[in-house]
Amino acid sequence: MRTVVGVLRLVVAAVGTAALVSYFFYTLGFSTFSTVNYFAYFTQQSNMANVLVLVVSGALSLRGRPEGRAFAAVHALVTTYVVVSGIVYGIILVESLSNDFAIGVPWSTQVLHFWIPGFLVVDWVLAPGRTRVSWAMLSVVLVFPVVWGIATIVRGADVGWYPYFFLDPAQVRWPDEFVMYNAIALGVIVGVMSALIALSHLRPGPRPGVLLRRGQRAEAVGAEVGGTQVGGAQVGGAEVRGAEVRRAGEDQPAGASDESVPAAGSDVDSGAASGTRSK
């Protein structure tokens, strides 16, 4: 299962990279196109980060290793941003269609806004070995969106271009509409992040520290089995079968029966009237 998940993540990372490149060339025909504008979209930034996260998480899954807590937190943040990008784009698309305004939706846009977010949700819910994400991450989930939003508004006032309508003062009324739309967007981000954290707690995988302790115990058990204790004496290289301990590879005389080695404290001669025990 981990191998399948790892391969799928790497494939989706490759598809996401192809979609980002394809969408770049698609937007070349727009009058408002510029390289800076292309990379200014929240969708592009979050999907580029997602490609890196999918590559790392896919490699970890193929190697059978769980995600560390720090990386699991980054994984949850990036997944949140990509999913929210898809939700916001879907709302914009529905609104445009309801107002008889068509928006071009090439295959690259469909992949970045719908198919990849859908895969990330399924992956988060079903993939094995999910590392538990701390609820404290809710305190930082809005840091990147707020910083991005402020930088976008400042730049937009200078160049006269905004990637989303709810940031454009020419399309939304200040302050009521501006505050309402952006509060909804930030609320959706918090809601999605909360859901991802809750899912990681409902079905978490073994924590990295637990796996380390298990490995240490396994090594200790292996070292102890390498030299079996019998009656307080060390018997190295012996085979243990039930109560019998035989020297591995030791030849016995023909016709001789196996000689059992009594465990410490057992009766040597059960038929002796004195009832003495072996010393």
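Numbers here are sequence positions counted from 1. Here the structure is a predicted model, which is why all the values come from computation and not from measurement. Atoms considered below: every heavy atom in the structure, side chains included; atoms not considered: hydrogens, waters and symmetry mates.
Within the 4.5 Å cutoff, side-chain heavy atoms of Asn182 are placed close to those of Leu167. Side-chain contact between Pro163 and Asn37 is absent, with no heavy atoms from C-beta onward closer than 4.5 Å. Using a 4.5 Å heavy-atom threshold, the side chains of Phe178 and Pro169 count as separate. Taking the side chain as every heavy atom from C-beta outward, Ser57 and Glu67 approach each other to under 4.5 Å. Considering only heavy atoms from C-beta on, Val12 stays 4.5 Å or farther from Trp115 through its side chain. Between Leu54 and Leu10, every side-chain heavy-atom pair lies at or beyond the 4.5 Å cut-off. Side-chain contact between Arg2 and Leu62: absent, with no pair of heavy atoms (C-beta onward) separated by less than 4.5 Å.
Here the straight-line distance linking atom CG of Leu60 with atom CZ of Phe71 works out to 6.0 Å at 0.5 Å rounding. Ile197 CD1 to Ser134 OG: the interatomic distance, rounded to the nearest 0.5 Å, is 7.0 Å. Expressed to the nearest 0.5 Å, how far CD1 of Ile189 lies from CD1 of Ile87 amounts to 10.0 Å. Between Met193 atom CE and Leu138 atom CG the span is 6.0 Å, to the nearest 0.5 Å. Interatomic distance, OG of Ser61 versus CZ of Arg63, reported as 12.0 Å (0.5 Å rounding). Atom CG of residue Asn50 and atom CD of residue Gln44 lie 12.5 Å apart, to the nearest 0.5 angstrom.
Placement of Val192 and Trp135 within a single hydrophobic cluster is found when ILVMFWY residues are connected by side-chain heavy-atom separations under 4.5 Å, directly or transitively. One hydrophobic cluster, built from ILVMFWY side chains closer than 4.5 Å, holds both Trp174 and Tyr162. Under a hydrophobic clustering in which Ile, Leu, Val, Met, Phe, Trp and Tyr are joined whenever their side-chain heavy atoms come within less than 4.5 Å, directly or via other members, Val154 and Val143 fall into the same cluster. No chain of hydrophobic side-chain contacts below 4.5 Å, direct or via other Ile, Leu, Val, Met, Phe, Trp or Tyr residues, connects Phe39 to Val36. Both Ile153 and Ile184 are assigned to one and the same hydrophobic cluster, defined by single-linkage of ILVMFWY side chains at heavy-atom distances under 4.5 Å.
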Output, in order, the C-alpha distance, side-chain angles, deciding distance and verdict of side chain to side chain contact (heavy atoms under 4.5 Å, CB included) for Leu20 and Tyr38.
-> CA-CA 10 Å; Leu20 287 167; Tyr38 173 83; 3.9 Å; yes
Could you walk me through whether His113 and Thr43 pass side-chain hydrogen bond (donor to acceptor under 3.5 Å, both in side chains), step by step?
-> CA-CA 8 Å; His113 291 99; Thr43 297; 3.3 Å; yes
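Taking the six-membered ring for Trp and thresholds of 30 and 60 degrees, Trp124 and His75 have ring planes more than 60 degrees apart, a perpendicular arrangement.
Note on residues 140-168: no pairs pass salt bridge (Lys or Arg N to Asp or Glu O under 4.0 Å), not counting sequence neighbours. The stretch residues 36-55 participates, sequence neighbours left out, in no salt bridge (Lys or Arg N to Asp or Glu O under 4.0 Å) pair at all.
Of all the heavy atoms in Ser200 and Val133, the pair that sits closest is OG-N, 3.1 Å. Summarising the geometry of Ala13 relative to Val55, their closest heavy-atom pair is CB-CG2, 3.9 Å, with the distance given to 0.1 Å. Taking every heavy atom of both residues into account, Val51 and Gly16 meet most closely at CG2-C, 4.3 Å. Between Ala76 and Leu196 the shortest heavy-atom distance is O-CD1, 3.6 Å. The two atoms that bring Gly86 and Phe114 nearest to each other are O-CE2, 4.2 Å, heavy atoms only.
Counting only distance, with no hydrogens or angles, the side chain of Tyr81 and the backbone of Val141 share a donor-acceptor pair below 3.5 Å. Using modelled atom types, no side-chain atom of Ser108 and backbone atom of Ser22 make a donor-acceptor pair closer than 3.5 Å.
Applying the ring pair (Phe, Tyr, Trp, His ring centres under 6.0 Å) rule to Tyr181 yields the partners Phe165; only residues at least two apart in sequence or on another chain are considered. For the ring pair (Phe, Tyr, Trp, His ring centres under 6.0 Å) test, residues two or more places apart in sequence or in another chain that qualify with Tyr164 are Tyr41, Trp148, Phe166. Looking at residues two or more places apart in sequence or on another chain, you find a salt bridge (Lys or Arg N to Asp or Glu O under 4.0 Å) between Arg173 and Asp176, Glu177. Under the ring pair (Phe, Tyr, Trp, His ring centres under 6.0 Å) criterion, Phe33 pairs with Phe24, sequence neighbours left out.
Arg9 pairs in a side-chain contact (heavy atoms from CB on, under 4.5 Å) with only one of the listed residues (Val11, Val5, Val7), which is Val5. With Phe119 as reference, Asp123 is the one residue of Asp123, Ile116, Val122 to meet the side-chain contact (heavy atoms from CB on, under 4.5 Å) rule.
For Phe42 and Phe144, the gap between ring centers is short of 6.0 Å.
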